[in-house]
Amino acid sequence: MASKLWEKNFTMTAEIERFTVGRDRQLDLYLAESDVLGSMAHITMLESIGLLEANELQALLAELRSILQVIRRGEFVIEDGVEDVHSQVELMLTRKLGDMGKKIHSGRSRNDQVLVDLKLWTRRQLREVVEQVKILFDKLQQQSERYKQVLMPGYTHLQVAMPSSFGLWFGAYAESLCDDMLFLQAAYRMTNRNPLGSAAGYGSSFPLNRTMTTELLGFDSMDYNVVYAQMGRGKTERNVAFALATVAGTLAKLAFDACMFNSQNFAFVKLPNECTTGSSIMPHKKNPDVFELTRAKCNKLQALPQQITLIMNNLPVGYFRDLQIIKEVFLPAFDELKDCLRMAAYIIERMTVNEHILDDPRYDLMFSVEEVNRLAAVGTPFRDAYRQVGLDIEAGRFTPNKQIHHTHEGSIGNLCTAEIAALMQHTLDGFHFERAEEAERKLVEMKNE
Ligand code: ARG
């Protein structure tokens, strides 16, 4: 069994090892690429302050680059007996380069190493979530425009209420994503600060150049206070989880609407056959399982901030091993959300709507307010008009006039699609993903002479 980074003159028992390593050997694979990037920046900085020779830096960077290739080919493993990704990378360097490999950990702790790994990884994941949200947003806006002339019933209390339209319905979910995007941006900005150099949470007596690692890794700035940098563990994940949860909330609601409106009793929308699933017993069934699974997965994702909160809630200042467990719920959440976003975009694009719903007289009464307003517009006081139409309805004398005319901003006749697109674009412009991408690319390609 390979020994631990910290092992000195006693060995822990297999049971203790099993329990404390937990699922890190699988979960840390998510972080492997980021771990290597973090090490590249760290050792480049160590050389600049005289803690590594130039030739040592060269050799270490070359080896880290080849480890990165192993990771990108999907061949990287954390071996039995090795605790985590940080130990595995150091072990690989030491096997190849001997003592040089043992020098890289000066001025660093696995505490700030995992912090920086999580920040780099989360930063990239947030970018991918943002891209998927934008794709779904565009599909929703397209459908909103495509069906802006088609009316549908609007409900309150799930009772037929007032005229709505498919333009409004699709467009509402697009606009919801604009607000979700603001959360994603706050999460991204909070994530995009460098914790490296905080070491175990109290800094180091080496004259670390944290500005340099901040620039090398393309962070906007650093988490300055080393105690706060460590305090960001868990807090960052929780706040990012809030952003994921608000997106998931939008998706879960959209999925519920879609399931309901697709049911024969509503029959407002239709999913193409190839997007439905069948029943093993009922030959006629075409079920909206994709939306049902999206709803459940997204409802589950909305528990993520609470799960993280509960794991870290009562921890005082400083690192605790408790924080390791957050990875179990946090890391897999991104793939799940991105998958739901992709599927929602796929189906929304293919969804068609029933253009003749309102031929059914069960929806006639939703035009009552239109009639009241018509009377009020020609001088009848609103309350009297309301009463008159109400009495007509009770007496069975109400006939709807379905020619409606809504003109104000955000209404059936004036969806403000362009304005909503501009809101989204404004937020998107504030991410500046290219800075992080560029820095990472340069760091990997860097040839240090
Ligand atoms: N696996 C650990 C985690 O995720 C890495 C940090 C270990 N640090 C320590 N002091 N034991 O938190």
Side-chain angles (χ1 to χ4, degrees), residues 140-176 250 252-272 276 284-288 291-292 295 348 350-420:
L140 286 163
Q141 283 220 310
Q142 281 157 17
Q143 290 287 50
S144 170
E145 280 296 307
R146 178 176 171 198
Y147 292 122
K148 66 179 169 192
Q149 309 290 359
V150 184
L151 295 183
M152 69 186 279
Y155 293 82
T156 67
H157 311 267
L158 209 47
Q159 303 282 310
V160 173
M162 282 182 65
S164 180
S165 72
F166 285 102
L168 277 178
W169 181 66
F170 284 114
Y173 284 99
E175 189 169 348
S176 181
T250 298
K253 201 178 190 73
L254 172 64
F256 196 160
D257 280 2
C259 290
M260 183 168 76
F261 291 160
N262 180 61
S263 141
Q264 293 86 349
N265 297 72
F266 286 83
F268 294 173
V269 301
K270 191 165 158 23
L271 304 179
T276 61
H284 64 286
K285 290 302 285 293
K286 289 176 188 163
N287 296 324
F291 278 125
E292 292 168 10
R295 181 171 57 196
I348 288 293
R350 288 163 177 76
M351 193 183 251
T352 53
V353 314
N354 179 350
E355 312 216 1
H356 306 288
I357 315 166
L358 299 187
D359 296 348
D360 187 328
R362 82 173 75 197
Y363 302 118
D364 283 358
L365 294 183
M366 75 180 192
F367 293 96
S368 68
V369 184
E370 307 301 310
E371 192 53 34
V372 173
N373 289 358
R374 212 168 277 126
L375 293 173
V378 294
T380 314
F382 177 84
R383 194 48 61 211
D384 294 341
Y386 170 95
R387 190 176 149 74
Q388 186 184 321
V389 173
L391 291 173
D392 284 349
I393 289 169
E394 288 304 315
R397 285 195 307 260
F398 178 77
T399 42
N401 177 344
K402 300 185 183 176
Q403 285 330 105
I404 65 163
H405 196 56
H406 291 202
T407 56
H408 67 75
E409 300 91 333
S411 68
I412 293 172
N414 183 5
L415 295 175
C416 296
T417 306
E419 287 83 346
I420 294 167

Under the side chain to side chain contact (heavy atoms under 4.5 Å, CB included) rule, what do Leu358 and Met366 come out as? Steps first, then yes or no, please.
CA-CA 10 Å; Leu358 299 187; Met366 75 180 192; 3.3 Å; yes
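- In this structure, the separation between OH on Tyr386 and CG on Leu375 is 14.0 Å, given to the nearest 0.5 Å.
- Rounding to the nearest 0.5 Å gives a distance of 8.5 Å between CD of Glu371 and CD of Gln388.
- The two residues Val372 and Ala385 have their closest heavy-atom pair at O-CB, 3.7 Å.
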Could you please spell out the steps behind the side chain to side chain contact (heavy atoms under 4.5 Å, CB included) verdict for Val369 and Arg374?
CA-CA 8 Å; Val369 184; Arg374 212 168 277 126; over 6 Å; no
Could you go step by step and tell me if Asn354 and Val269 meet the side chain to side chain contact (heavy atoms under 4.5 Å, CB included) rule?
CA-CA 6 Å; Asn354 179 350; Val269 301; over 6 Å; no
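- Annotation: side chain of Asn401 is not in contact with side chain of Phe367 (no heavy-atom distance under 4.5 Å).
- The CZ atom of Phe170 sits 12.5 Å away from the CD atom of Glu145 when rounded to the nearest 0.5 Å.
- Listed by first and then second residue, the side chain to side chain donor-acceptor pair (under 3.5 Å) pairs involving residues 156-169 are Trp169-Asp257 (not counting sequence neighbours).
- In this structure, Met351 CE and Lys270 NZ are separated by 11.0 Å, a value rounded to the nearest 0.5 Å.
- Two residues are said to be in side-chain contact when any heavy atoms from C-beta on lie closer than 4.5 Å; Asp364 and Lys402 meet this criterion.
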Side chain to side chain contact (heavy atoms under 4.5 Å, CB included) between Ile357 and Phe166, worked out
CA-CA 11 Å; Ile357 315 166; Phe166 285 102; 3.7 Å; yes
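- Checked against salt bridge (Lys or Arg N to Asp or Glu O under 4.0 Å), Glu370 has no partners two or more places apart in sequence or in another chain.
- Crowding of Arg387 atom CZ: a count of heavy atoms from other residues, nucleotides or ligands under 6.0 Å not exceeding 12.
- Judged by distance alone, the side chain of Asn414 and the main-chain N or O of Thr407 form a donor-acceptor pair under 3.5 Å.
- What you find for Ser368 and Val389 is that their closest heavy atoms are O-CG1, 4.0 Å.
- The minimum heavy-atom distance linking Tyr155 with Val160 is given by the pair CD2-N, 3.7 Å.
- Here the OG1 atom belonging to Thr352 is positioned 8.5 Å from the CD atom belonging to Gln143, to the nearest 0.5 angstrom.
- Closest non-hydrogen pair, Gly167 versus Ser144, comes out as O-OG, 2.7 Å.
- For Leu271 against Asn262, the heavy-atom pair with the smallest separation is N-OD1, 3.5 Å.
- A donor-acceptor pair under 3.5 Å links the side-chain atoms of Gln141 to the main chain of Thr417, judged by distance alone.
- Of the inter-residue distances, the one linking Met152 atom CE with Phe261 atom CZ reads 4.0 Å to the nearest 0.5 angstrom.
- Other residues, nucleotides and ligands contribute only 12 or fewer heavy atoms inside 6.0 Å of the CZ atom of Phe256.
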